[in-house]
> 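One structure coming up, written as structure tokens, with questions to follow.
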Amino acid sequence: MAERPTDFIRQQIDRDIAKPDGSKDVITRFPPEPNGYLHIGHAKSICLNFGIAEEYGGHAYLRFDDTNPLAESDEYVDAIKRDLAWLGFDVANRVTFASDYFEALYNCALELIRKDKAFVCSLSQDEIRATRGTLTEPGTDSPYRNRPVEENLDLFTRMRAGEFPDGAHVLRARIDMASPNLNMRDPVLYRIRHAAHHNVGKAWVIYPTYDFTHCICDALENITHSLCTLEFEDHRPLYDWVLDNLSLNARPRQIEFSRLGLEHTVMSKRLLQQLVTEGVVEGWDDPRLPTLAGLRRRGVTPRAIRDLCRRAGVTKQDNQLEIELLEFCVRSDLEDSAPRALGVVKPLKVRLTNYPQSNETLQAPWHQREPEMGTRPLPFGPELYIDREDFTFSPPPKWKRLSPGSHVRLRYAYIIRCDEVVTGADGEVTELLCTYLPDSRSGSDTSRVKPAGVIHWVAAHAAEPVQLRLYDRLFRTRNPKGSSLMDDVNPASLVTAFGFLEPAAATGEQSHFQFERVGYFHRDPILPRTFNRIVSLRDSWRPPRALKDS
RNA sequence: UGGGGUGUCGCCAAGCGGUAAGGCACCGGGUUUUGAUCCCGGCAUACGCAGGUUCGAAUCCUGCCACCCCAGCCA
């Protein structure tokens with residue numbers, strides 16, 4: 001569909017595999033921690049890792065980074081697998097867990113201890129913090145830093161055996177407490193946690209930290225390129241240090257790229273959690289959320305998400321994509337693939353005064369340019385609904401819809417003329433009395449009348465009442481800040497309308513539609529008779545300024 | 001006042017010493033039984049700023065400035 005990306009990461013890989021004595025393998029991994037739901041930012045990483053593996057004829061693992069039993073659960077591993085499959089990446093036989101390597105990790109720790117590169121530190125968490133120094137001042141050595149190897153071995157073995165309570169000891173790397181890189185100030189490698197782990201149960205009471213685990217797992221899986229986000233750049237020296245001091249033979253290269261940012265939403269796990277907990281949204285799959293579950297329920301397609309990631313590119317620059325780009329990707333996918341349907345959002349009754357007291361059934365294509373999608377029956381009768389927005393008493397110049405005395409075509413059907421406007425006590429338009437042109441039927445029009453425009457409609461006798469959920473950006477601000485998050489919520493992020501839909505679409509099983517002239521909608525997978533607006537149609541119509549109101 | 005990064009059009013993003021790709025957005029025009037789609041055209045004398053090197057610099061050097069990340073036994 002489009003040519004292969006040439007971002008800086010692929011350029012680096014090209015150089016790596018071009019080395020005369022180097023390996024031609026390219027193996028990557030997507031390493032989520034199973035402690036939350038995936039969002040569109042993760043999609044960028046997924047597309048990158050799996051995309052590269054495929055392009056270079058290698059493979060990618062889905063590896064759950066489950067080293068913290070307190071936060072992780074199977075609920076999330078299932079959700080993450082589901083999201084990956086939905087996005088279009090098949091990882092059935094390449095799913096691993098950091099916890100698969102706990103024994104190997106433990107042996108690596110032993111090796112470091114024997115080489116006197118790691119020591120058991122018995123300082124409390126607070127003491128470790130206090131002796132770490134600050135951004136501008138060096139830390140101070142732990143009093144346990146020079147424990148003899150044998151004592152370290154003994155203590156570490158007993159840590160594993162469960163002889164000590166949480167927090168009593170940790171295993172630390174012996175690097176440099178004066179390093180300007182805080183990550184190198186004797187970082188913690190193992191901590192004691194008497195907690196059940198979602199995968200290994202109670203087999204372990206000591207758990208390795210990310211810095212120790214990640215690089216080793218990468219090496220064990222022969223990952224060649226370990227792609228991660230920018231905040232891990234400072235960890236790369238540690239990543240390399242650990243592997244340099246171990247006798248593993250694989251040497252993965254860590255490369256960092258910037259996260260994907262999207263305007264009018266938030267991506268942090270904490271903030272998303274807050275929105276769910278405080279009931280601002282209805283759940284992790286609320287269609288206003290940037291979670292993959294939310295986007296899926298909204299109706300955003302995997303293709304659109306992959307297209308977005310491709311168009312956004314991969315760099316080290318901080319970025320905030322405009323939601324217009326996402327909307328463009330959605331529309332451009334659905335333009336060709338979504339069947340069309342007629343649906344009315346804000347119904348206004350129309351009575352055809354000269355139409356016989358009977359109904360007829362017209363035929364309309366599901367998609368004008370895609371004849372193979374077939375046609376559907378479209379009921380027509382003397383009473384119809386049109387959208388209130390398609391009628392005005394005083395039309396501005398170039399008004400292409402209905403107004404007193406004007407002609408308009410009902411899409412796929414007849415041309416009608418508005419003869420009379422019925423208003424209620426409060427002046428509100430309640431009904432339009434129109435006449436239809438019998439010889440103007442779509443496809444066999446001999447009326448020679450040129451209507452002002454074309455509008456959508458639904459026959460009253462066959463109209464299916466539906467709930468239309470009109471979604472909009474969750475936050476008013478482009479870059480919502482955690483501090484004022486709640487005040488920034490867009491009160492119109494969800495507007496529910498009760499409209500009518502043509503029966504073929506309402507009762508069929510197709511999931512995505514374009515309601516003509518309105519927008520793209522997705523049949524809600526849970527709520528009956530409910531359609532979520534994925535995105536509106538582009539609308540370049542703007543009334544002349546002076547005549548804006550009607 | 002430490003370390004690590006990043007600064008090219010409103011938003012993304014190519015560019016890798018030879019004289020600013022592309023996409024989104026936006027603005028015109030054409031086609032159209034969706035004011036949609038589609039098609040055509042426009043849209044950075046300019047690359048954070050200031051110097052320097054060079055015949056030639058967004059690309060090299062120096063110095064500033066701005067923004068992001070780091071002081072979890074989270075990842």
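Values below: every heavy atom of this structure, side chains too, minus hydrogens, waters and symmetry copies. So you know, we letter chains A, B, ... as the sequences are listed, proteins then strands, and number each from 1.
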> Determine, for A:F515 and A:R340, whether the Lys NZ or Arg CZ falls below 6.0 Å from the six-membered ring centre while staying within 45 degrees of the axis.
no

> Using the P atom as the reference point in each nucleotide, state the distance between B:G42 and B:G48 in Å, no decimals.
26 Å

> Can you tell which of B:A25, B:U34, B:G3 lies closest to the side chain of A:R517?
B:U34

> Is any side-chain nitrogen or oxygen of A:R478 closer than 4.0 Å to OP1 or OP2 of B:A25?
no

> Looking only at atom C1', what distance separates B:C40 and B:G56, rounded to whole Å?
37 Å

> Just N and O in the side chain of A:Q320: are any of them under 4.0 Å from OP1 or OP2 of B:C24?
no

> Once you apply the 3.5 Å cut-off to both distances, tell me the Watson-Crick or G-U wobble partner of B:A50, or none.
B:U62

> When the C1' atoms of B:G15 and B:C9 are considered, how many whole Å apart are they?
15 Å

> A:F119 pairs by side-chain contact (heavy atoms from CB on, under 4.5 Å) with which of A:L155, A:V170, A:D186?
A:D186

> Where the side chain of A:E516 is concerned, which of B:A71, B:U34, B:G35 is the nearest nucleotide?
B:U34

> Tell me: CD of A:E263 to C1' of B:C24, nearest whole Å?
11 Å

> Taking only N and O in the side chain of A:R132, is any of them less than 4.0 Å away from OP1 or OP2 of B:G72?
yes

> Kindly say whether A:H235 contributes a backbone atom to a donor-acceptor pair with the side chain of A:Q254 at under 3.5 angstrom?
no

> Of all the nucleotides listed (B:G35, B:C70, B:A75), which has the minimum atom distance to the side chain of A:R401?
B:G35

> Assign A:Y210 to base, sugar-phosphate, or nothing according to its heavy-atom contacts below 4.0 angstrom with the strands shown.
base

> Would you kindly give the CG-to-P distance between A:N319 and B:C69, to the nearest whole Å?
14 Å

> Taking only N and O in the side chain of A:R63, is any of them less than 4.0 Å away from OP1 or OP2 of B:A75?
no

> Show your reasoning for whether side chain to side chain donor-acceptor pair (under 3.5 Å) applies to A:E327 and A:Y520.
CA-CA 10 Å; A:E327 294 180 343; A:Y520 291 99; over 6 Å; no

> Which sits closer to the 5' end of RNA chain B, A:S332 or A:S124, going by the nucleotide each is nearest to?
A:S332

> Counting heavy atoms from C-beta on, name the nucleotide in B:C69, B:G5, B:C12 closest to the side chain of A:L321.
B:C12

> Need one value for A:D318: base, sugar-phosphate or nothing, where a base atom within 4.0 Å counts as base even if backbone is also close, heavy atoms only.
sugar-phosphate

> Is a donor-acceptor contact shorter than 3.5 angstrom present between the side chain of A:N181 and the base of B:G4?
no

> What interatomic distance, in whole Å, is found between P of B:G63 and the corresponding atom of B:C24?
41 Å

> Under 4.0 Å from OP1 or OP2 of B:A36: is there any side-chain N or O of A:S540 that close?
yes

> Which residue, A:F164, A:Y190, A:F156, A:Y144, forms the ring-ring contact (aromatic ring centres under 6.0 Å, His included) with A:H169?
A:F164

> Among the candidates B:A14, B:G2, B:C11, find the nucleotide nearest to the side-chain atoms of A:L182.
B:G2

> So, under a plain 3.5 Å distance rule, would you say the side chain of A:S442 forms a donor-acceptor pair with the base of B:U33?
yes

> From B:U33, B:A25, B:G7, pick the nucleotide closest to the side chain of A:E322?
B:A25

> Please report the distance separating the C1' of B:C65 from the corresponding atom of B:U37, rounded so that it comes out in whole Å.
47 Å

> If only atom types and distance count, is the side chain of A:T209 paired as donor or acceptor with the main-chain N or O of A:V188 below 3.5 Å?
yes

> State which of B:A36, B:C24, B:A75 makes the closest approach to the side chain of A:E231.
B:A75

> Whether A:R129 contacts B:G72 is assessed here as follows: a side-chain N or O lying under 4.0 Å from the phosphate OP1 or OP2. Is that the case?
yes

> Name the residue closer to the 5' end of RNA chain B, choosing between A:T209 and A:G133 according to the nucleotide with the nearest heavy atom.
A:G133

> Looking only at side-chain atoms of A:Q368, point me to the closest of B:A75, B:C70, B:U33.
B:U33

> Among the candidates B:U34, B:A13, B:C73, find the nucleotide nearest to the side-chain atoms of A:R340.
B:U34

> Has A:R538 got a side-chain N or O lying under 4.0 Å from the OP1 or OP2 atom of B:C26?
yes

> Establish, with yes or no, whether the OP1 or OP2 oxygen of B:C11 is under 4.0 angstrom from a side-chain nitrogen or oxygen of A:Q317.
no

> Tell me whether the side-chain N or O atoms of A:H456 pair up with the base of B:A36 as donor and acceptor below 3.5 Å, since no angle test is needed here.
no

> Side chain of A:P180 only, please: which of B:A36, B:C70, B:G2 is the nearest?
B:G2

> Does B:A75 have OP1 or OP2 under 4.0 Å away from a side-chain N or O of A:T67?
yes

> Would you kindly check whether a donor in the side chain of A:Q514 faces an acceptor in the base of B:U34, or vice versa, at under 3.5 angstrom?
yes

> Between B:C47 and B:G7, how many Å separate the two P atoms, rounded to a whole number?
15 Å

> Between B:G3 and B:C43, how far is it from one C1' atom to the other, in whole Å?
42 Å

